[in-house]
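First up is the structure itself, then whatever we jot down about it.
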Amino acid sequence: MCRKMILALSVENTNLVMGCFDGEKLLFTSRIAADRNKTGDEYAISFKSILDMHGIDRSGITGSIVASVVPALIREIVAALRLMLGKEP
């Protein structure tokens, strides 16, 4: 079990890049398509699937951070992280 994992998201025009850090160690990176029509629930399902695929237990994630160049997606991304992690990014 990781001690202090942080989920990091970079929201770009065509992709969302997701990475998980345990301290300074990058555990994985993954990309999904950015879609302005997706809901927070749909993004949460994608994020959860990616974490599951990499064997990451969501309960070990202590926080998240989002960087975005697409303001229109922030509301849904934050809603997805809140739903999936139970805490504010």
Should [X] and [Y] count as side-chain neighbours, where that means a heavy-atom distance under 4.5 Å?
X	Y	value
Leu7	Arg58	no
Ser30	Phe28	yes
Leu27	His54	no
Ile32	Asn15	no

For residues 72-89, run the donor-acceptor check on the side chains, cut-off 3.5 Å, and write out each pair with its distance to 0.1 Å, sequence neighbours left out.
residue	atom	partner	partner atom	Å
Glu76	OE1	Gly40	N	2.6
Arg82	NE	Glu88	OE2	2.6
Arg82	NH2	Glu88	OE1	3.2
Lys87	NZ	Ile61	O	3.0

So which residues get pulled into Phe21's cluster when ILVMFWY side chains under 4.5 Å apart are joined, directly or through others? Leu26

Do [X] and [Y] land in one hydrophobic cluster if side-chain heavy atoms of ILVMFWY residues count as linked below 4.5 Å?
X	Y	answer
Ile65	Val11	no
Leu9	Val69	yes
Val66	Val17	no

Which distance, rounded to the nearest 0.5 Å, do you find between the OG of Ser64 and the CD1 of Ile6? 7.5 Å

Qualifying salt bridge (charged side-chain N to carboxylate O under 4.0 Å, His left out) pairs with a residue from residues 31-56, counting only residues at least two apart or across chains: Glu12-Arg31, Lys48-Asp52

Do the side chain of Thr62 and the main chain of Met5 share a donor and acceptor less than 3.5 angstrom apart? yes

